[in-house]
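Below is one structure, written out as structure tokens; the observations come after it.
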Amino acid sequence: MFHNSLFVCYYNRFYNLIAICNIKRALPRVSILVVSIILAACSENNSNKFNIQDFGAIPDGSTVNTEAIQMAIHKAAENKGTVIIPKGKFYTGSFTLGPNMTLVLDEGAELIASSRMNDYTNKSFIFAPEADNLTIKGKGVINGNGESFFDENWNYTQRPQPWIIIQDSKNVSISGITLVNSPAHCLVFDFCENVKIDSLTIKNHPRSPNTDGIDITNSKNVLITNCNISSGDDAICIKNKSGSKYFENPWQNRSKYTEDILVKNCILESDDAAIKLGTGSAYHTRNCRFQDITIKNSRYGIALFMMDGGIYSDINFKNMTIKTGGRQKDEYGIFVDTHKRDSLTEIGTIKNINFKDIDITTNGLLYFSGYPEKEISEITLENVKVTVPDADNTITAGWKKPKGNKKIKYWNNTVSYIQSPGSMIVAHAKDFKIKNLMIHHQQGKMDRHGMFLIDVKGLDTANVKGNTLYKESFVFTKK
């Protein structure tokens, strides 16, 4: 499409140049040539841009535009081009993105997912398999129409799940857009590499079940920056699974590692965990960094659920503000725990996990636990401040150890110390280091120790301070 404004700009510049050179009389003869050159340039610049309205899409918020959108996508994928979603409300069923293409949502554009499962040819709303060099960007909105899949009690019978999935892809970039009202796991990366997510906004209802913000599964080299996520489940979840329900042969030429993840400068809110590792934890998750993050109104600030006998190692949390809360009865500023998904699962490994410059406000707990036969190890807390506005042991007395998934059971050898009377509980750990820790209880009706330690070997502390509200000791040690 030729833009008049662009022509006027180039034409005026050319006219001024002619005036300066004192050859205005040549203008009529060269104008045709100039126009031809500009038209050719504009045509070349726009030959790889495909506006969905040019394929018949109607922005009335009710017409199903799936076919028009998919046609534009096919053209873009064939030509390494760009699909343009212009300003307007475009209702659509599911579609598939391809490699070497860009999807742009202009400001004021809104893709609205259909509320009818008959409009979904894929299990997901947006499916991108083997979509190397895929870019999704812009200032527009993708609306999952999530509430149409739930009843008044937030139960569902069917829904697109996961909502958006990028699978088995390299060099993926998503930036600027807003995702709202997801009916399921919102944005999933499965077996991907070299992923960049920047300035993404995700807003899901806090009651909506399983609406994780961003899930990273068996992927590597992932950068998440400047995002604002509010979800009905985990805001950011890092997983490592023994297989994938999205692949028939999940391990053919695919990585068992989840590694080299950086999450930075984000604001997170969750009805469950703001940052979660697990429960998928079959192999090795390593080299993950989370820094400069604000967490608010979340059941867990940080949660590491080791369930499947794998390894968590070299995980670092730095410069974070955490405030727990929400509608759940129990809450945890930090939760690090090993459990067994089934009775035959081996006990997993958690080692070299570091927390530095963390400010936590919670009425709940900081909980770190391994097993007697396999301790968590090399855990470091440095410059950590914990404020407990209302310490009340009648709350923790009714709590059970979280499992991270309702389907996971408690076993005869389940290890749990959740009801121990301490604001920070450490059990079956070795080489546990604490430097500059403050735990301040503001008020409450209970006897609660600051730290409750069970079978902690190689404890190294420096400058640990805090208070209790009655005559109990600040540190209680139990073998």
Side-chain angles (χ1 to χ4, degrees), residues 73 76-77 80-85 96-107 109 111 124 126-142 162-180 182 185-203 212-231 234-240 254-255 257-268 274-277 285-294 315-319:
I73 291 169
K80 298 184 178 180
T82 299
V83 173
I84 304 294
I85 312 295
T96 301
L97 297 175
N100 304 308
M101 61 164 290
T102 298
L103 177 67
V104 175
L105 287 91
D106 286 345
E107 187 171 5
L111 278 179
S124 301
I126 299 177
F127 181 42
E130 299 182 343
D132 291 357
N133 308 310
L134 171 66
T135 296
I136 303 174
K137 64 180 181 179
K139 297 182 178 180
V141 175
I142 303 179
W163 184 41
I164 301 171
I165 179 167
I166 317 296
Q167 184 182 89
D168 206 20
S169 302
K170 297 180 179 180
N171 306 321
V172 177
S173 174
I174 301 180
S175 62
I177 63 173
T178 297
L179 306 176
V180 298
S182 173
H185 291 178
C186 186
L187 180 59
V188 176
F189 293 89
D190 198 46
F191 293 92
C192 291
E193 186 174 351
N194 299 330
V195 174
K196 293 183 179 180
I197 306 168
D198 182 65
S199 301
L200 197 68
T201 299
I202 299 177
K203 298 293 181 184
D212 292 13
I214 300 174
D215 282 3
I216 307 295
T217 303
N218 296 81
S219 298
K220 58 177 65 177
N221 297 324
V222 178
L223 175 64
I224 303 173
T225 54
N226 307 309
C227 292
N228 190 329
I229 302 174
S230 179
S231 65
D234 309 318
I236 295 177
C237 188
I238 312 298
K239 303 180 182 182
N240 187 287
R254 295 187 177 96
S255 174
Y257 290 100
T258 302
E259 60 185 346
D260 299 325
I261 314 293
L262 173 59
V263 180
K264 186 176 181 180
N265 293 329
C266 293
I267 299 173
L268 308 177
I275 297 173
K276 179 179 177 181
L277 273 65
T285 299
R286 63 187 181 186
N287 300 331
C288 300
R289 291 183 292 151
F290 305 85
Q291 64 186 65
D292 307 323
I293 294 173
T294 298
I315 315 294
N316 296 284
F317 303 90
K318 182 179 180 181
N319 193 26

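For reference, positions follow the sequence shown, starting with 1. All heavy atoms count here, side chains included; hydrogens, waters and symmetry mates do not. Note that this is a predicted model, so its numbers are computed, not measured.
- No donor-acceptor pair under 3.5 Å is formed between the side chain of T217 and the backbone N or O of K239.
- A donor atom on one side chain and an acceptor atom on the other are not found under 3.5 Å apart for N265 and T225.
- Going from atom SG of C266 over to atom CD1 of I236 covers 5.0 Å, rounded to the nearest 0.5 Å.
- Applying the 6.0 Å contact sphere to NZ of K137 captures no more than 12 heavy atoms from other residues, nucleotides or ligands.
- Not one N or O on the side chain of T135 forms a donor-acceptor pair closer than 3.5 Å with the backbone of T102.
- A distance-only check finds a donor-acceptor pair linking the side chain of D132 to the backbone of K170 [under 3.5 Å].
- For the pair D212 and S231, the tightest heavy-atom approach, listed with the atom from each and the gap, is C-CB, 4.5 Å.
- Heavy atoms only, all atoms of each residue included: P129 and T96 are closest at CD-CG2, 3.8 Å.
- Separation of atoms NZ (K264) and CG (N319) is listed at 10.0 Å; rounding is to 0.5 Å.
- A donor-acceptor distance shorter than 3.5 angstrom exists from the side chain of S169 to the backbone of A131, with no hydrogens or angles considered.
- In this structure, SG on C192 lies 11.5 Å from CG on N221, to the nearest 0.5 angstrom.
- Of the inter-residue distances, the one linking I174 atom CD1 with L179 atom CG reads 7.5 Å to the nearest 0.5 angstrom.
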